[in-house]
2 protein chains.
Amino acid sequence: MASSQRTAKRLTIREVAQALGVSTATVSRALHGRGRINPATRTRILAQLERMGYTPNLHAQSLAGKRSSVVALEYLGNVDILADSFLIELARGIQHSLASYHYRLLLNLTGDCEYRRGVLHQWIAGRAIDGVIVVANPCVDTAWMHALSAEGVPTVWIAYDVPHPLPPHTGVVQLNLSAGWREAIEHLNALGHRQFGLIAVDPNDPALEVIQQAIHSVNGQLAHTVFACDDTPSGGYRATLDLLERKPFPSALLARTDLLAFGVAQALHRYGIRLPHDVSLVGHDDLPLTQWMIPPLSSIRIDYLELGQRAVAMLMQLIEQRAPSVAPVCVATRLVVRDSVAPPRPNPKKEVDP
Amino acid sequence: MASSQRTAKRLTIREVAQALGVSTATVSRALHGRGRINPATRTRILAQLERMGYTPNLHAQSLAGKRSSVVALEYLGNVDILADSFLIELARGIQHSLASYHYRLLLNLTGDCEYRRGVLHQWIAGRAIDGVIVVANPCVDTAWMHALSAEGVPTVWIAYDVPHPLPPHTGVVQLNLSAGWREAIEHLNALGHRQFGLIAVDPNDPALEVIQQAIHSVNGQLAHTVFACDDTPSGGYRATLDLLERKPFPSALLARTDLLAFGVAQALHRYGIRLPHDVSLVGHDDLPLTQWMIPPLSSIRIDYLELGQRAVAMLMQLIEQRAPSVAPVCVATRLVVRDSVAPPRPNPKKEVDP
DNA sequence: AGTAGTTGCGTAAACGCTTACGCAGCAGGA
DNA sequence: TCCTGCTGCGTAAGCGTTTACGCAACTACT
């Protein structure tokens with residue numbers, strides 16, 4: 001009967017217990033290897049569970065065990081095109097690690113930042129999640145960090161900077177922007193570039209200072225910084241139009257994100273500025289699709305698997321070991337060179353050398 | 001005390017009931033508006049719930065209510081770069097609609113197809129999900145469709161073809177490939193294109209026949225079809241290299257997916273074939289990033305919001321109304337014209353112009 | 001042999017909610 | 001007045017686990 005399928009009774013722990021003449025408590029202990037149990041009994045029970053094809057009811061486990069084995073991934077800022085890239089790569093890295101802990105991932109891709117926070121707090125209050133991983137983009141929201149801490153939810157932030165002191169139950173995995181940008185700028189410098197242009201999004205982004213320092217340390221000059229209205233190709237496109245009006249025009253452009261770089265490349269192309277012949281371009285994040293740009297984009301790579309693995313390991317410390325605090329860790333970035341960089345033109349168009 | 005936060009007791013339905021001198025049953029009835037309850041009592045209770053800031057424990061609700069308010073999104077085939085595109089756009093459309101039903105979405109981005117199916121069946125057996133949306137790519141897996149049906153899980157397939165008959169508790173939202181491809185080919189024909197080349201992935205893809213028919217109905221010719229090893233830019237790149245060796249070289253290329261088109265464009269560029277001057281190119285799916293290709297790609301658009309909304313509405317029929325079956329619906333596609341198409345060269349010589 | 005400590009397991013009370021059932025109270029018709 | 005039927009609500013039995021507690025049985029000492 002079709003509709004009886006819908007309400008088909010699943011095997012419960014009790015039925016397995018009865019089949020073996022033991023109590024449900026013993027079966028539960030066998031299942032988790034917790035508590036005092038005879039190893040022989042345990043293997044006997046595990047074999048029976050396997051044989052009968054038992055699968056625990058996750059809600060019952062969560063209710064009685066006071067944990068849900070679910071974590072949420074949340075990020076600051078709105079999701080537009082962004083969702084398709086950085087966040088998804090990261091989600092995948094996180095999920096990969098979570099799988100080994102038998103945790104599930106809840107990921108909200110819809111609605112604006114405000115709305116998503118509301119949903120998240122519902123989940124927390126409803127005990128639907130045991131922990132949260134927040135992607136700070138680009139800055140940590142300290143107020144919200146404390147709010148989450150006050151709710152008692154273990155939280156790991158993936159961020160560029162580490163606020164001090166951290167509230168309880170809060171960890172930070174820091175993405176080391178400095179490594180990648182330094183490498184990129186040194187590479188460009190070695191090719192002969194001295195004048196840099198930066199397309200960024202947020203004036204408070206810690207990356208800005210990192211980039212400036214790196215440029216100064218190679219005796220280069222940051223000729224212009226233009227800000228995009230948002231972290232999208234279209235933001236990058238418009239910002240580049242701004243940049244094109246400034247003089248002198250730099251020989252190397254740094255796009256804060258690959259998403260911006262898509263728009264930068266488009267704008268340059270539209271104005272007949274050839275990449276990398278007339279200008280070099282470097283992006284950040286190394287999204288999978290940037291190597292398919294024309295020309296393929298040089299970009300600063302984040303190891304998403306490692307990032308996810310670190311964040312998850314830290315979160316598990318907070319959740320499972322009930323660690324009250326945990327030391328921040330740092331994940332490096334590195335340059336991936338592709339065809340969008342080349343030595344600068346010996347003869348920059350606008351300023352003719354004598 | 002920090003660690004007491006972790007185990008902070010949340011407000012329960014009982015406490016609210018006591019505060020008002022009613023029973024928990026009445027509060028529960030007020031909360032859901034189900035069962036026999038005095039409207040006056042109900043508003044009084046709702047006010048109190050609001051005032052005390054009550055949030056239900058989702059696990060308790062799921063356990064007692066025998067439903068989880070979670071659905072899973074699953075897809076056939078492996079996730080590589082694919083995850084960043086079609087699937088995510090769709091996930092977003094689905095999530096948008098699910099939100100209005102207060103359902104959550106579980107999305108597994110990691111592991112191969114086999115592994116993910118295993119996980120999904122665990123979730124089903126563990127009562128973690130009430131329904132599944134499966135993206136068939138490109139063909140419905142009829143055996144698995146029946147397997148899911150036999151497990152009693154309401155399932156909606158997003159597919160290009162509708163198998164008949166459908167097993168119980170199964171719905172299909174069909175993506176009408178014909179509409180978009182027909183429009184694209186007619187558009188190209190109107191520009192003067194007669195010779196077409198197709199870059200596809202799966203020989204069993206229903207799209208192939210649709211495309212052939214459309215080409216024949218405009219008296220065009222499908223000069224060549226090449227198959228990529230997988231649905232990625234790199235697959236498209238290599239397939240295009242194959243295509244470049246064939247003669248006559250078509251004046252218009254059809255990429256089965258935008259992801260392939262990224263690789264196609266790269267290959268053409270590498271061989272000095274200019275888009276759209278030397279050849280026109282149309283993709284399918286209208287991924288957000290394809291409009292930032294150089295030149296921006298003409299593509300066949302899927303309305304992901306509508307697709308998600310239809311799939312969710314259908315799934316809710318199956319879950320909430322316990323409908324044993326539901327009629328398939330169809331979602332159209334349409335061409336979005338950008339710079340990658342132009343009239344064919346008057347002199348289709350592959351040789352270099354003097 | 002008596003005591004103390006350990007081990008393995010069963011009993012039963014949670015966990016926080018939903019809902020079948022039944023019982024008053026009341027209205028309306030005979 | 002009695003019976004019937006409906007309404008609004010409380011009682012209590014689940015839902016399927018986990019786990020604190022306690023009790024035998026056993027070991028290892030004195």
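Fair warning: this is a prediction, and the values are worked out from it, not measured in the lab. Just so we're on the same page: letters track the sequence lines, and every chain starts at 1.
By the 4.5 Å heavy-atom criterion applied to side chains, I124(A) and H121(A) are counted as neighbours. At least one side-chain heavy atom of M316(A) sits under 4.5 Å from a side-chain heavy atom of Y103(A).
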Which atom pairs, donor and acceptor, lie under 3.5 Å between side-chain atoms of residues 94-102 of chain A and protein residues at least two apart or in another chain?
| unit_1 | atom_1 | unit_2 | atom_2 | d |
| --- | --- | --- | --- | --- |
| Q95(A) | OE1 | L109(B) | N | 2.5 |
| Q95(A) | NE2 | L107(B) | O | 2.6 |
| S100(A) | OG | S97(A) | O | 2.7 |

Please report, to 0.1 Å, the donor-acceptor pairs under 3.5 Å made by any side chain of residues 19-35 of chain B, with sequence neighbours excluded.
| unit_1 | atom_1 | unit_2 | atom_2 | d |
| --- | --- | --- | --- | --- |
| S23(B) | OG | A25(B) | N | 3.4 |
| S23(B) | OG | T26(B) | N | 3.3 |
| S23(B) | OG | T26(B) | OG1 | 3.2 |
| H32(B) | ND1 | S28(B) | O | 3.0 |

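Close approach of DNA chain C to chain A, defined as any atom under 4.0 Å from a non-hydrogen atom of the protein, starts and stops at dT7(C) to dG16(C).
Annotation: the span from Q309(B) atom CD to M314(B) atom CE amounts to 10.5 Å, rounded to 0.5 Å.
Counting only residues at least two apart or in different chains, salt bridge (charged side-chain N to carboxylate O under 4.0 Å, His left out) contacts with residues 105-123 of chain A comprise E74(A)-R116(A), R117(A)-D141(A).
Residue contacts for G126(B): at a heavy-atom cut-off of 4.0 Å it reaches no nucleic acid atom on any strand shown. Using a 4.0 Å heavy-atom cutoff across all strands shown, T41(B) reaches sugar-phosphate atoms only and no base atom.
F86(B) has its ring centre less than 6.0 Å from the ring centre of Y304(B).
Residues passing the salt bridge (Lys or Arg N to Asp or Glu O under 4.0 Å) test with E15(B): none are found, sequence neighbours excluded.
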Check: For every nucleotide of nucleotides 11-20 of chain D, 5' to 3': is a protein heavy atom under 4.0 Å from its base (B), only from its sugar-phosphate (S), or from neither (-)?
Finding: B--BBBBSBB
